[in-house]
Amino acid sequence: MQGHSASSVAEVKQSSLIPMCEPNTFDGTDPKKLHTFLVQCKLNFQDCPSTFKKDRAKVVFVQSYLKGMALEWFEPDLLSSSNPGTYPLWMDDWTEFVIELQSTFSPHNPVADAENQLNHLQMKENQCINKYVVEFNQLASQVRGYGDGTLCHQFYSGLPDHIKDKICHVGKPCNLDDLCYLAQEIDMHYWECKEEDQCANKSSGTNNFSTNKPSSSASNSGKGKPTTSSNTNSSLGNANSLSSNKPKTSNAGNKLPNVASSNPDLTGKLGKDSKLTPEEKKQHLDNKLCMFCGEDGHFSNNCPNKANKGKAKAHTANATQSPQEQLGSTSGSAPETKK
C-alpha cells in the first residue's frame with residue numbers, strides 16, 4: 001500500500017504541467033483545518049484528472065498526506081486487509097472516505113459552527129474588505145437555509161461605519177453580489193484617500209524641515225575669514241588682561257560704612273542733653289526696648305549697634321592716618337640695619 005501511495009504521488013508530479021502546491025499534512029488535532037485540507041487535495045485532482053480517474057487513486061493520495069492521529073485511525077484497516085474482498089468500503093470509494101474522515105475529525109456540528117461564526121463576523125476599521133468577503137463567503141457556503149436577503153443583512157451588519165455611511169447615501173442593493181461589489185468600491189476609495197493624506201503629510205513635513213534648516217552657504221561663508229569684531233574683542237581682551245596685571249590704587253578701603261543707616265531715628269525722643277526724655281525711658285522700660293537703639297530682643301548692655309558704631313569709629317580713625325603711619329602701626333618698629 002505504501003508503494004502504491006508513493007507511485008501515485010510521483011505520477012501527479014510528473015503529469016502536472018502547472019506547478020501545483022502540495023497539500024499541507026493533516027493530523028486530526030484541529031478539526032477546522034480539515035476543510036482546507038480537502039480543498040487542497042481537490043485542487044490536485046483537478047490539476048491531474050487523468051491520474052485521479054479512479055476513486056482509489058484519490059483515497060491513496062489523501063492518505064499519503066495524513067499523519068499522527070488521522071493516519072493511525074486508518075492504519076489497522078490498511079495493515080489487516082490482505083484479502084481485497086474484505087477491504088473497507090471507503091478504501092475504493094472517495095465519497096465514503098470523505099464521510100469517514102469528516103465524521104471522525106471534522107467539527108461535530110459544522111453547520112451550527114458556521115452559523116455562529118457568520119452571526120459574529122465583523123470587519124475591523126483598519127482592515128481591508130477583501131479578507132472580510134473571503135471569510136463571509138466561506139461561512140455562507142457552509143450554512144443551510146439562508147436566503148439571499150438574509151445573507152445581505154448579515155453582510156451589511158458586519159461592515160464598519162465608514163462603509164455603511166457611504167452605502168446609505170447611494171442606496172443599499174437588494175442582492176448579495178451587488179452589495180459586495182459596492183462595498184469593495186467604497187473601501188478601495190477609502191484607502192486611496194488615506195494614502196493621499198499620508199503622502200500630503202509627508203511632503204508638508206519635508207517642506208517644513210527644509211525651511212527651518214539653515215543654508216549651507218551661509219554657514220560656510222564665514223569659515224577661514226577672521227572678522228573685525230572678533231579681532232576687536234581679542235584686542236580688548238588682551239588690553240584688559242594687561243590692565244588687570246597692573247597694581248590698582250583703590251579707594252574702596254577708605255570708604256566708611258553707612259553707620260547712619262543702621263542708627264534709629266531719635267528725632268523728638270532726646271532732650272537737650274542728648275539723652276532720652278523721661279517719657280521715652282519709661283516707654284522703653286515698659287515695652288522692654290533697648291535704651292540705645294530702641295529695638296526689642298536685647299538691652300543696651302549687649303546692643304549689636306554699639307559694636308557696629310565702635311567699628312565705624314575705629315575705621316574712621318584708620319582712614320585719617322597716612323599709609324606710612326598705618327604701615328608702622330601694623331608692622332611695629334622696623335628692624336635696625338647692621339652697620
Side-chain angles (χ1 to χ4, degrees), residues 12 16 18-49 52 58 61-62 65-66 70 94 98-99 101-103 105-196 198:
V12 171
S16 178
I18 302 174
M20 181 63 61
C21 181
E22 297 182 3
N24 296 325
T25 56
F26 179 73
D27 58 2
T29 56
D30 190 357
K32 296 180 180 180
K33 293 183 179 181
L34 179 60
H35 180 76
T36 304
F37 172 72
L38 293 176
V39 170
Q40 292 175 344
C41 293
K42 289 180 180 180
L43 288 175
N44 283 269
F45 298 162
Q46 295 177 3
D47 183 50
C48 302
F52 297 105
K58 296 178 182 179
F61 177 80
V62 174
Y65 288 96
L66 296 178
W94 167 250
V98 173
I99 293 175
L101 196 61
Q102 290 178 342
S103 61
F105 298 105
S106 66
H108 296 290
N109 194 345
V111 176
D113 292 341
E115 290 179 355
N116 185 36
Q117 295 180 36
L118 188 64
N119 293 331
H120 294 86
L121 184 62
Q122 293 287 331
M123 176 181 169
K124 299 179 180 180
E125 290 286 343
N126 59 347
Q127 176 185 346
C128 291
I129 197 172
N130 291 336
K131 182 179 180 181
Y132 175 74
V133 172
V134 170
E135 293 178 355
F136 183 88
N137 290 334
Q138 184 179 7
L139 295 173
S141 62
Q142 301 178 32
V143 297
R144 299 290 183 270
Y146 277 54
D148 196 66
T150 305
L151 293 176
C152 281
H153 174 72
Q154 292 291 342
F155 184 85
Y156 179 82
S157 300
L159 293 174
D161 292 337
H162 68 270
I163 296 181
K164 288 182 179 179
D165 295 339
K166 295 292 184 180
I167 293 177
C168 290
H169 290 297
V170 178
K172 185 166 64 173
C174 298
N175 58 77
L176 182 61
D177 293 337
D178 294 342
L179 181 59
C180 290
Y181 178 78
L182 179 61
Q184 287 175 323
E185 288 289 325
I186 294 173
D187 187 69
M188 181 183 63
H189 292 302
Y190 173 78
W191 289 109
E192 286 179 355
C193 294
K194 284 283 187 182
E195 186 176 357
E196 291 175 359
Q198 291 178 359

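All figures in this text were calculated on a predicted structure; none of them were measured in a lab. Along the sequence shown, residues carry numbers from 1.
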Taking every non-hydrogen atom, the tightest pair across P23 and F37:
CB-CE1, 4.2 Å
For residues P31 and S106, report the shortest heavy-atom separation together with the two atoms involved.
CB-C, 3.8 Å
Residues which pass side-chain contact (heavy atoms from CB on, under 4.5 Å) with N116, listed by chain and number, not counting sequence neighbours:
H120
With rounding to the nearest 0.5 angstrom, report the SG to CD1 distance, C180 to I129.
7.5 Å
Within this structure, what is the OG1-CG distance for the pair T36 and L34, rounded to the nearest 0.5 Å?
8.5 Å
Between G28 and A70 the two heavy atoms that sit nearest each other are N-CB, 4.1 Å
Using the side-chain contact (heavy atoms from CB on, under 4.5 Å) criterion, which residues pair with E192? Sequence neighbours excluded.
M188, H189
Less than 4.5 Å apart, any side-chain heavy atom of D113 and any of K32?
no
Mind checking side-chain contact (heavy atoms from CB on, under 4.5 Å) for I167 and listing every partner two or more places apart, or none if nothing turns up?
Y156, L159, I163, K172, L179, L182, I186
Listed by chain and number, what are the side-chain hydrogen bond (donor to acceptor under 3.5 Å, both in side chains) partners of D187, not counting sequence neighbours?
W191
Under the 3.5 angstrom rule, does the side chain of K124 hit a backbone N or O of P160 as a donor-acceptor pair?
no
Mind checking side-chain hydrogen bond (donor to acceptor under 3.5 Å, both in side chains) for N137 and listing every partner two or more places apart, or none if nothing turns up?
none
Return yes if some donor-acceptor pair links the side-chain N/O of N44 with the main-chain N/O of E22 below 3.5 Å, else return no.
no
Test ring pair (Phe, Tyr, Trp, His ring centres under 6.0 Å) applied to H162 - qualifying residues, sequence neighbours left out:
Y190
Partner residues of N130 under the side-chain hydrogen bond (donor to acceptor under 3.5 Å, both in side chains) criterion, sequence neighbours left out
none
When rounded to the nearest 0.5 angstrom, what is the spacing between CD in Q184 and SG in C128?
11.0 Å
Tell me every residue that passes side-chain hydrogen bond (donor to acceptor under 3.5 Å, both in side chains) with N175, counting only those two or more places apart in sequence or in another chain.
D178
Find out whether the Lys NZ or Arg CZ of K33 is both under 6.0 angstrom from the six-membered ring centre of F26 and within 45° of the ring's axis.
no
Who passes side-chain contact (heavy atoms from CB on, under 4.5 Å) against V143, sequence neighbours left out?
A114, E115, L118, Y146
Partners of F155 by ring pair (Phe, Tyr, Trp, His ring centres under 6.0 Å), sequence neighbours excluded?
Y132, F136
Quick check: closest heavy atoms across R144 and S141, and the distance to 0.1 Å?
NH1-O, 3.7 Å
Once rounded to the nearest 0.5 Å, what's the spacing between atom SG of C41 and atom CH2 of W94?
6.0 Å
